[in-house]
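Report on the following structure.
This is a predicted model, so every value here is computed, not measured.
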Amino acid sequence: MLAQISKLLSSKSSLFVILAAVMAFFFPVLFEWVKGDAASIILGIIMLTMGLTLSLDDIRILFSRPLDILIGACAQYTLMPMIAFLLTQLFGLNAYLSIGIILVGCCPGGVSSNIMSYLCKGDVAYSVGMTTASTILAPVMTPWLVWMLADTRIEVDAIGMFRGILLLTLLPVTVGFFCNYYLGKKESYKSVQELMPGLSVLSLAMIVGGVVAQVKPQLIIHGAGLFFLVMAVVFCHNTSGYLLGYNVARWFRFSIAKRRTLSIEVGMQNAGMATVLATSFFANEEILSATPEAILCVVPCAVSCAYHSISGTILANIFSFRDKKR
């Protein structure tokens, strides 16, 4: 029964994330506890679920296909940060909204991108390798890129972010990997693995709900205009990532399956990580007590959490529809 629930959650991930956001807006008390250390622990759980499904064969991919992984990682950590920065200038975003979308652009690929690659008949092994590589690089690349691109009015604690990402991502992924390595052949462990996708979706929904509960006062103050502005920025950022990722793969003459995978890997970011980083380093209690408006930096991250799941599912369905049409 739990396995079936997990399968339902993973197949309808965008729906559950949106439902959590709506519930948090109208009943914020349900999610007000998801902040600070609680949000960090939940992100750790998401990364642990990734590690628990990571095998030695997945690690070998990093060494057996170094050029493909290198091309993908370069596209991930150049295209998305630069697109985010350009959009902040194009839309004239204030410092806090700017740091939010820049954080999303500088984070590694999302775990759900592997599911989307599978759904659209992409190269799933390449997708897992890309996600693993970008996550391993995240402690160095994410703080450095945010420090380079952030508005000069925002203080960026790059060293603190480096330590935080190590603790919140690489540590739980590593623990999960070794659990899989030593326990992977046991039937009981395989049953646990089936529950991981659903647990990951629930954790992401809780993070989004916690963010919406925190930003509700600002959303009410600024009205619908703030939401639609952020939605437009997130749409342009995400769509540009899909298009440019696909064209980079085509330029390097990748197969159709690998083009689809690179498109999804570049376009879909780990917005859950961006959300936790935003609340930890740019909108914590100390900062908010002095500058309540700083909470705005979390809004692009929260919108990206929900929208990336929706757009990824739509893109996977478009690719599948093209296959059926052929």
Side-chain angles (χ1 to χ4, degrees), residues 46-47 50 54 58-59 61-63 65-88 100-117 120 122-150 161-162 165-166 168-170 173 234 236-252 254-255 257-275 277 300-301 304-305 307-309 311-312 315-316:
I46 293 175
M47 302 313 296
M50 173 184 170
L54 201 61
D58 298 325
I59 301 299
I61 292 170
L62 300 179
F63 299 98
R65 305 164 74 170
L67 182 59
D68 294 352
I69 298 294
L70 177 63
I71 291 170
C74 288
Q76 176 89 54
Y77 282 117
T78 56
L79 295 176
M80 295 307 280
M82 288 308 302
I83 294 169
F85 178 76
L86 291 173
L87 288 173
T88 65
I101 194 65
I102 286 173
L103 264 172
V104 173
C106 296
C107 278
V111 180
S112 56
S113 61
N114 307 148
I115 299 171
M116 302 308 170
S117 292
C120 71
D123 189 331
V124 180
Y126 182 42
S127 177
V128 173
M130 269 284 301
T131 303
T132 305
S134 63
T135 301
I136 291 172
L137 291 170
V140 174
M141 295 303 297
T142 299
W144 179 68
L145 287 167
V146 171
W147 178 73
M148 290 283 291
L149 299 174
M161 288 180 67
F162 170 76
I165 295 172
L166 275 179
L168 297 174
T169 59
L170 283 192
V173 167
V234 170
C236 293
H237 186 238
N238 180 235
T239 305
S240 298
Y242 289 146
L243 293 173
L244 291 175
Y246 191 91
N247 281 287
V248 166
R250 186 165 61 178
W251 189 59
F252 281 99
F254 283 4
S255 66
K258 285 168 67 176
R259 291 178 191 179
R260 294 176 177 181
T261 294
L262 189 57
S263 173
I264 290 172
E265 284 295 326
V266 172
M268 291 188 70
Q269 303 294 93
N270 192 337
M273 179 193 293
T275 303
L277 292 176
C301 306
S304 295
C305 281
Y307 183 75
H308 285 197
S309 297
S311 66
L315 182 61

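Across every non-hydrogen atom of Phe162 and Val140, the tightest pair is CE1-CG2, 4.1 Å. Taking both residues in full, the closest heavy atoms of Leu149 and Ile102 are given as O-CD1, 3.4 Å, listed atom of the first, atom of the second, then distance. Here the closest non-hydrogen pair linking Leu262 and Gly72 is CD1-CA, 3.6 Å. Cys106 and Pro81 make their closest contact through SG-CB, 3.9 Å (heavy atoms, listed as atom of the first residue, atom of the second, distance). The two residues Ile136 and Leu170 come nearest to each other via the heavy atoms CA-CD2, 3.7 Å. Gly109 and Ser134 make their closest contact through N-OG, 3.3 Å (heavy atoms, listed as atom of the first residue, atom of the second, distance).
Each of Leu145, Val146, Thr275 was compared with Leu103 under the side-chain contact (heavy atoms from CB on, under 4.5 Å) criterion, and only Val146 meets it. Just one residue in the list Leu86, Leu87, Ile83 forms a side-chain contact (heavy atoms from CB on, under 4.5 Å) with Cys236, and that residue is Leu87.
Phe254 places a side-chain heavy atom less than 4.5 Å from the side chain of Ile71. Looking at Leu137 and Pro108, their side chains never come closer than 4.5 Å, going by heavy atoms from C-beta outward. Counting only heavy atoms from C-beta outward, the side chains of His237 and Ile101 approach each other to under 4.5 Å.
Sorted by first and then second residue, the pairs that involve residues 66-82 and meet side-chain hydrogen bond (donor to acceptor under 3.5 Å, both in side chains), not counting sequence neighbours, are Asp68-Lys258, Gln76-Gln269.
Here the side chain of Ser263 pairs no donor or acceptor atom with the backbone of Arg259 at under 3.5 angstrom. Thr88 contributes a side-chain N or O that, together with a main-chain N or O of Phe85, makes up a donor-acceptor pair within less than 3.5 Å. Between the side chain of Asn247 and the backbone N or O of Leu243, at least one donor-acceptor pair lies under 3.5 Å.
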Evaluate the criterion side chain to side chain contact (heavy atoms under 4.5 Å, CB included) for residue pair Met80 and Val266; output intermediate values, then yes/no.
-> CA-CA 7 Å; Met80 295 307 280; Val266 172; 3.9 Å; yes

Side chain to side chain contact (heavy atoms under 4.5 Å, CB included) between Met273 and Ile46, intermediate numbers included | CA-CA 9 Å; Met273 179 193 293; Ile46 293 175; over 6 Å; no

Derivation and outcome, side chain to side chain contact (heavy atoms under 4.5 Å, CB included), residues Thr132 and Val173 = CA-CA 9 Å; Thr132 305; Val173 167; over 6 Å; no

Kindly determine whether Val104 and His308 satisfy side chain to side chain contact (heavy atoms under 4.5 Å, CB included), including the steps that lead there.
-> CA-CA 11 Å; Val104 173; His308 285 197; 4.1 Å; yes

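One distance of note links OG1 of Thr135 with CG of Asn270; it measures 6.5 Å at 0.5 Å rounding. Expressed to the nearest 0.5 Å, how far OG1 of Thr239 lies from OH of Tyr307 amounts to 4.5 Å. Atoms CD1 and CE, on Ile165 and Met141 in that order, are 11.0 Å from each other to the nearest 0.5 Å. Expressed to the nearest 0.5 Å, how far OH of Tyr242 lies from CZ of Arg260 amounts to 14.5 Å. With values rounded to the nearest 0.5 angstrom, Cys107 atom SG is found 13.5 Å from Met268 atom CE.
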